[in-house]
Amino acid sequence: MSFNHQEIEKKWQTYWLEQKTFKADTYSEKEKVYALDMFPYPSGAGLHVGHPEGYTATDIFSRMKRMQGYEVLHPMGWDAFGLPAEQYALDTGNSPAAFTEKNIATFKRQIQELGFSYDWDREINTTDPNYYKWTQWIFTKLYEKGLAYIDEVPVNWCPALGTVLANEEVIDGKSERGGHPVIRKPMKQWMLKITAYADRLLEDLEELDWPESIKDMQRNWIGRSEGAEITFSIDGYDEEFTAFTTRPDTLYGATYAVLAPEHPLVEKIVTSEQKEAVEAYLDQVTKKSELERTDLAKDKTGVFTGAYAINPANQEKMPIWIADYVLMTYGTGAIMAVPAHDERDYEFATKFELPILEVVKGGDVSKEAFTEDGEHVNSDFLNGLYKDEAITKMIEWLEAEGKGTKKVTYRLRDWLFSRQRYWGEPIPIIHWEDGSMTAVPEEELPLELPEMTEIKPSGTGESPLANSEWVNVVDEKTGMKGRRETNTMPQWAGSCWYFLRFVDPHNPEKLADPEALKEWLPVDIYIGGAEHAVLHLLYARFWHKFLYDIGVVPTKEPFQKLFNQGMILGEGNEKMSKSKGNVVNPDEIVASHGADTLRLYEMFMGPLDAAVAWSTNGLDGARRFLDRVWRLFVQEDGTLSDKIVDTTEDTALNKVYHETVKKVTEDFENLHFNTGISQMMVFINEGYKAEVIPKAYVEGFVKLLSPVSPHIAEELWEKLGHTNTISYDAWPTYDESKLVEDEVEVVIQIMGKVRAKMNVSKDITKEEMEEKALANEKIQELIEGKTVRKVIVVPGKLVNIVAN
RNA sequence: GCGGGUGUGGCGGAAUUGGCAGACGCGCUAGACUUAGGAUCUAGUGUCUUCGGACGUGGGGGUUCGACUCCCUCCACCCGCACCA
């Protein structure tokens with residue numbers, strides 16, 4: 001008979017909730033472990049089978065840690081602001097709040113049915129005013145410190161929809177909804193100065209226990225590069241510009257300069273002869289979408305301005321061109337072009353027949369750019385030097401002459417923080433009629449979103465909030481009129497600090513009690529999808545560092561250890577999608593196989609970080625294992641098996657039990673769930689072969705199983721005669737001495753090939769082993785007539801005989 | 001192009017420091033029990049084989065008594081970035 005998963009899962013889920021089994025004590029005396037999941041966006045589609053993968057991993061970890069005597073913080077919440085709810089509201093006229101609430105209820109039900117050991121008293125919802133009060137509070141602090149500022153930046157403006165679109169809503173230059181044209185239009189936007197933290201975000205990666213790939217992605221994203229800024233004067237004008245370069249040592253090889261099309265100097269320096277050509281080019285460039293300008297830019301385009309810059313090193317005239325291979329958003333938007341030693345400049349110079357001058361020996365600049373190190377030539381005081389030395393010397397010279405300076409530039413740009421949307425945290429700023437601007441004072445937070453009967457674009461590019469009376473404010477003291485900021489925060493905002501609120505979720509006075517944060521931070525293990533490798537994790541680190549600077553949090557970094565779970569693919573090894581019809585619904589699996597089986601299966605599929613295809617047969621196999629466990633311990637009539645005995649003396653299971661405890665404990669600690677589970681299967685297979693099973697081993701095994709499949713474990717625990725939950729019973733320990741047998745089997749190799757095996761005492765000496773191996777009958781036969789040249793003995797493992 | 005990663009049976013995957021390749025699961029084969037089996041149990045299952053053995057961890061080379069593991073080189077696939085000066 002198999003166990004009734006529907007019955008026991010319901011039973012234990014109810015028990016855990018009613019008993020508040022997993023309530024964490026914030027100020028406990030115990031050592032603390034904080035195990036965190038990336039909280040989900042509660043979409044209308046409900047839970048995906050990918051969600052439980054990471055959640056099960058942290059749940060296993062949490063459950064094991066509780067049994068090992070730690071106080072465990074394992075919370076869950078909802079990242080509930082975001083676009084889909086607003087789209088839905090636009091489409092149906094319903095309120096995003098109600099829609100979100102419904103979705104959360106579904107998610108919560110589904111998550112609870114999977115038996116995760118969350119402390120539900122700490123549930124967080126980013127759309128709850130009690131929560132976003134603090135999101136807004138952090139913003140006002142950023143504003144106070146000058147890290148939040150308004151800037152004019154181009155956004156995706158869709159005239160037909162009367163709204164600004166996010167990058168992901170623009171497909172091939174058209175709006176995702178409706179296919180209307182989208183143009184780049186400069187608008188005033190809130191920006192966060194994440195670049196002020198670039199160096200620290202880079203440096204502090206070193207101390208984190210994160211996958212190297214993620215660290216690398218963040219490093220690339222930040223894109224620090226060292227070089228120099230060099231000032232160029234313009235022949236015949238009282239103007240100059242600076243260019244950033246990582247190779248100031250090649251200044252003598254700079255034969256032309258290039259400005260980005262958006263560079264402010266362009267219109268000032270263009271000569272009348274070139275005016276027409278330049279305007280035509282600029283027109284052509286603005287029509288290109290971002291995609292066309294970056295992705296498809298294989299062929300270089302550009303136009304001469306007619307003006308010349310002066311090379312500060314040799315006073316040569318360098319023609320100034322405009323080309324869209326130079327980006328206004330990086331460096332200074334202007335470059336000195338050294339075609340002999342830069343591939344892009346080489347390509348451009350070749351196309352437009354600009355001079356190419358070799359200044360570093362080692363390549364053939366008539367064929368291609370030479371970008372490696374070499375001896376400098378044609379470079380006056382740099383001649384004979386190599387790259388590093390030449391760079392240092394050139395920078396010294398530039399600084400002495402006042403023509404340039406050492407400079408570090410980042411690829412990372414400031415964070416565009418405003419969205420022209422309703423369904424987000426209102427930015428707590430008031431614009432007064434006298435032109436001044438103030439933050440909403442702390443005591444007036446949260447600044448709540450007004451309820452609106454209809455959410456539609458304002459048409460002006462402002463958010464729908466512009467249509468509400470809510471925007472109008474009057475200063476009670478002075479009577480001055482003001483207008484609220486209508487932009488809201490992006491979805492990233494709420495997720496930048498939610499892990500702090502989990503520590504002290506109901507604190508009305510503070511974001512969280514500093515004492516409590518000291519207890520729990522940093523997060524010990526953080527698991528989620530790799531899609532958040534850069535943005536979420538970088539933004540959260542940025543906010544955390546800022547909060548550290550203003551004394552709110554005690555650690556420099558929020559997440560000590562990070563792990564990315566892999567994707568679960570459809571049975572055909574393709575990404576699950578509605579259109580392919582290969583989506584697996586966790587509700588159906590919970591109903592047919594049970595949550596314990598789903599959890600077990602997802603952990604057994606393969607390594608946690610691998611992308612593995614779903615397999616119905618594999619799922620059946622997981623269920624079969626749980627059935628085997630049940631049948632081994634429980635008889636048809638529901639009573640304990642007669643095989644279970646009270647002794648542990650000398651049973652056949654001694655070794656495998658201790659091995660299992662050891663391997664499972666170590667594997668779970670390292671998140672190697674697939675191999676830990678396989679060891680449990682080995683134990684059960686041995687259990688079937690054994691005549692008797694000591695009760696202590698059954699109890700130990702059930703504990704090992706309990707983090708993975710907690711419902712069946714609780715049920716078995718009860719059958720074993722316990723009246724309390726298994727969740728806090730001590731984790732099994734193993735006896736190292738039980739792992740080694742007195743006799744071990746070793747292999748005998750000849751020339752590295754296994755030829756025979758023999759049993760030897762575990763304490764045998766090298767000499768004895770060699771002797772015994774050479775005396776072996778089969779070995780004697782095989783080495784007959786050969787000279788034994790060497791014998792390698794690895795105690796307890798093997799003997800390798802070199803003979804020919 | 002740059003950065004990171006992965007290549008092991010029919011499939012998912014194991015394999016401490018270089019030391020018995022293929023644990024465990026799926027699938028498959030045979031048998032048992034059964035009216036029945038998509039249940040359960042038992043045994044087998046890398047390939048080839050003249051049944052001695054030979055070959056085998058993406059290909060080629062190297063180091064070593066011994067290589068899935070270390071080195072060189074090439075190939076394939078996946079992820080990220082992509083004119084970042």
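Here is the naming used below: chain letters follow the sequence lines, and residue numbers restart at 1 for every chain.
Between the C1' atom of B:A85 and the CE atom of A:Met328 lies a distance of 14 Å, rounded to the nearest Å. When the P atom of B:C26 is taken as reference, atom CE of A:Met681 falls 7 Å away, rounded to whole Å. Atom C1' of nucleotide B:C78 and atom CD1 of A:Ile214 are separated by 14 Å, given to the nearest angstrom. The CH2 atom of A:Trp221 sits 16 Å away from the C1' atom of B:G4 (whole-angstrom rounding). The CD1 atom of A:Ile568 sits 13 Å away from the C1' atom of B:G12 (whole-angstrom rounding).
When the C1' atom is used for both B:C68 and B:A21, the distance is 7 Å, rounded to whole Å.
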Starting at the 5' end of nucleotides 31-41 of chain B, put B wherever the base has a protein heavy atom under 4.0 Å, S where only the sugar-phosphate does, and a dash everywhere else. ---------SS

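Counting only heavy atoms from C-beta on, A:Ser678 has its side chain closest to B:A23 among B:A85, B:G4, B:A23.
Ring geometry, A:Phe348 versus A:Tyr256: the interplanar angle falls under 30°, so the pair is classed parallel (tilted spans 30 to 60°).
For RNA chain B, runs of at least 3 consecutive pairs of the Watson-Crick or G-U wobble type, with both hydrogen-bonding distances under 3.5 angstrom, map to B:1-7 with B:75-81, B:10-12 with B:24-26, B:27-32 with B:40-45, B:46-48 with B:53-55, B:58-62 with B:70-74.
In terms of position on RNA chain B, the residue among A:Ala613 and A:Asn617 whose nearest nucleotide sits closer to the 5' end is A:Ala613.
Contacts of A:Gln749 with the nucleic acid, taken as non-hydrogen atoms under 4.0 Å apart, include base atoms.
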